[in-house]
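Structure, as structure tokens:
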Amino acid sequence: MSSEPMLSIDDVSVAFTDGGGLFDIFSDSETVRAVNDVSLTLGEQETLTLIGESGCGKSTLGKTAIGAQQPTSGTVRYRGQDIWKARNDAGSASIPFDEIRSALQIIHQDPGSALNPNQRLRTSLMIPLKQWYPDLSREERVERIHTLFEQVGMSPPDDYLNRYPHQLSGGETQRAVLVRALLLNPDVILADEAISALDVSLRVEMMDLMLELQELFQTSYLFISHDLSNARYIAEKSGGRIAVMYLGEIVEIGSVDEIMENPQHPYTKALQWATANLYDDGGDATFPLRKIDVPDPTDLPSGCHFHPRCPEAREVCQRQHPERIYIDDEETNYARCFRADEQHEYWNSPEITSGSSVDSS
Ligand code: SF4
């Protein structure tokens with residue numbers, strides 16, 4: 001077993017450029033920095049939850065982590081092997097790219113992208129098994145699918161395997177998609193808003209099932225959600241960590257206790273405030289942001305990108321970009337906020353009075 005983390009993401013950025021092409025003479029090109037300078041690791045059987053508003057870059061980061069999106073800069077390694085080097089220079093790779101691909105699986109919010117609506121489940125699930133395990137006999141493939149259906153509570157399996165996706169309920173569909181992801185016995189599953197479309201009552205059931213199967217398959221999860229109460233539930237039950245994203249950056253990452261009981265970043269506090277059942281305001285329901293609007297990702301604010309909305313912003317926040325300030329000795333958990341550093345000049349910087357502009361110029 002390698003001593004390397006299962007996944008290791010170092011200084012990764014992903015940018016997309018729109019317009020300004022050869023025949024697009026009427027518009028300027030615009031670059032969206034979807035992911036900015038992100039570093040994190042995912043260990044064996046760890047659950048790491050990425051949380052943040054829509055459009056903050058969670059999905060792009062998740063896809064980059066499993067090798068489905070190439071980073072613009074930085075490296076993504078699986079058990080120490082640079083994923084993109086394995087793909088582009090197979091001769092130098094200690095782990096073949098195909099092996100990496102089958103080890104890193106995804107569950108989408110939209111199950112239609114995993115299950116062909118025109119095929120019975122049996123056919124949809126036999127195809128990847130044939131492709132990745134050509135040495136298995138037909139009987140062995142069928143047995144593997146049956147066992148997985150039993151394990152996700154879809155029994156008797158034959159009743160479900162003869163159905164088309166539209167003949168399943170929402171919960172059954174997500175279970176079938178989970179089976180599709182587990183077929184290849186992956187090391188990591190990216191669950192991208194995998195439970196968001198389910199009724200609230202089914203979400204907890206699905207998260208419990210995912211955690212049960214994590215034990216059985218020794219899988220790690222990168223769990224993406226816009227809902228802090230779901231993130232808290234799965235992180236608490238798995239002993240995992242939570243990473244908070246804002247405008248392409250991880251602004252805070254820590255254990256569930258650190259994030260929920262002692263958040264360092266004002267944006268984490270704002271997410272808690274906005275999440276029903278999490279915030280006990282003691283009677284003070286002051287809205288914890290200066291502005292509701294999220295800045296344009298093609299024109300990021302100067303200094304700390306959160307400063308136009310931050311109720312704690314000071315003058316220094318308008319001109320300095322916060323680096324990662326580590327809050328543990330192992331340097332895995334951090335916050336990108338000057339307030340996490342007691343020695344920072346932030347504490348002597350003039351406060352921005354209410355009504356004064358904190359927009360970038
Ligand atoms: S660095 Fe300044 S603006 Fe940014 S989150 Fe911290 S206090 Fe707010």
Side-chain angles (χ1 to χ4, degrees), residues 6-7 40 42-54 56 58-59 61-63 65-66 104-115 148-155 160 168-183 185-245 253-261 268 271-272 274-279:
M6 180 81 73
L7 276 182
L40 54 83
L42 182 69
E44 304 268 352
Q45 259 183 279
E46 186 183 6
T47 298
L48 176 64
T49 304
L50 283 178
I51 176 98
E53 291 161 305
S54 302
C56 71
K58 307 182 294 288
S59 291
L61 176 58
K63 285 177 189 153
I66 61 160
L104 309 178
Q105 292 291 309
I106 184 169
I107 305 175
H108 296 276
Q109 180 176 7
D110 168 21
S113 45
L115 300 173
L148 279 163
F149 267 66
E150 301 270 8
Q151 283 164 336
V152 300
M154 293 173 84
S155 189
Y160 292 99
L168 302 174
S169 68
E172 288 165 350
T173 305
Q174 275 317 70
R175 282 164 194 258
V177 170
L178 187 54
V179 167
R180 168 70 183 79
L182 288 167
L183 269 183
N185 212 7
D187 283 337
V188 177
I189 292 180
L190 165 64
D192 187 358
E193 299 280 10
I195 59 163
S196 303
L198 295 177
D199 290 344
V200 174
S201 58
L202 287 175
R203 288 182 196 164
V204 168
E205 205 179 296
M206 190 66 190
M207 286 189 282
D208 285 343
L209 175 63
M210 288 174 68
L211 293 176
E212 254 175 55
L213 295 170
Q214 178 174 42
E215 281 286 311
L216 205 58
F217 288 83
Q218 304 194 337
T219 306
S220 302
Y221 287 123
L222 196 50
F223 185 87
I224 292 180
S225 177
H226 64 273
D227 183 329
L228 188 55
S229 49
N230 290 337
R232 178 187 196 169
Y233 184 85
I234 201 156
E236 259 177 0
K237 282 206 87 170
S238 64
R241 291 182 297 155
I242 297 177
V244 181
M245 279 196 87
I253 179 168
S255 68
V256 65
D257 283 350
E258 284 162 347
I259 296 291
M260 303 310 302
E261 307 302 333
T268 310
L271 282 180
Q272 287 190 4
T275 306
N277 309 324
L278 287 180
Y279 188 74

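Source: prediction; values computed, not measured.
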Which heavy atom of [X] sits nearest to which heavy atom of [Y], and what is that distance?
X	Y	answer
Leu168	Ala176	CD1-CB, 4.2 Å
Ser220	Gly43	OG-O, 2.7 Å
Ser229	Thr275	N-CG2, 3.7 Å
Tyr221	Met210	OH-O, 2.7 Å

Do the side chain of [X] and the main chain of [Y] share a donor and acceptor less than 3.5 angstrom apart?
X	Y	answer
Arg203	Ser196	yes
Arg232	Val256	no
Gln174	Ala194	yes
Lys58	His226	no
Glu150	Ser155	no

Heavy-atom distance under 4.5 Å between the side chains of [X] and [Y], does that happen here?
X	Y	value
Lys237	Asp208	yes
Arg180	Gln105	yes
Ile253	Arg241	yes
Phe217	Leu148	yes
Met260	Gln272	yes

Q: Run through Ile195, Thr49, Ile51 and flag the one making a side-chain contact (heavy atoms from CB on, under 4.5 Å) with Asn230.
A: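 So, applying the side-chain contact (heavy atoms from CB on, under 4.5 Å) to Asn230 and each of Ile195, Thr49, Ile51, only Ile195 qualifies.
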Q | Matching residue for Ile189 among Leu222, Leu213, Leu182, Ile66 - test: side-chain contact (heavy atoms from CB on, under 4.5 Å) | A |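 Testing Ile189 for a side-chain contact (heavy atoms from CB on, under 4.5 Å) against Leu222, Leu213, Leu182, Ile66 leaves exactly one candidate, Leu182.
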Atom pair [atom1] ([X]) and [atom2] ([Y]), whose distance is rounded to the nearest 0.5 Å:
X	Y	atom1	atom2	result
Leu48	Phe223	CG	CZ	11.5 Å
Gln45	Asp187	CD	CG	10.0 Å
Ile259	Glu236	CD1	CD	12.5 Å
Ile242	Thr47	CD1	OG1	11.0 Å
Ile224	Lys63	CD1	NZ	8.5 Å
Met206	Ile234	CE	CD1	9.5 Å

(Q) Test side-chain contact (heavy atoms from CB on, under 4.5 Å) on Ile107 and Leu178; report intermediate values, then the result. (A) CA-CA 7 Å; Ile107 305 175; Leu178 187 54; 3.5 Å; yes
Q.
Under 3.5 Å, is there a donor on one side chain and an acceptor on the other for Gln214 and Ser238?
A.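 Judged by distance alone, the side chains do not pair up.
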Q. Are Glu46 and Met6 close enough, and set up right, to give a side-chain contact (heavy atoms from CB on, under 4.5 Å), and what steps lead you there?
A. CA-CA 9 Å; Glu46 186 183 6; Met6 180 81 73; over 6 Å; no
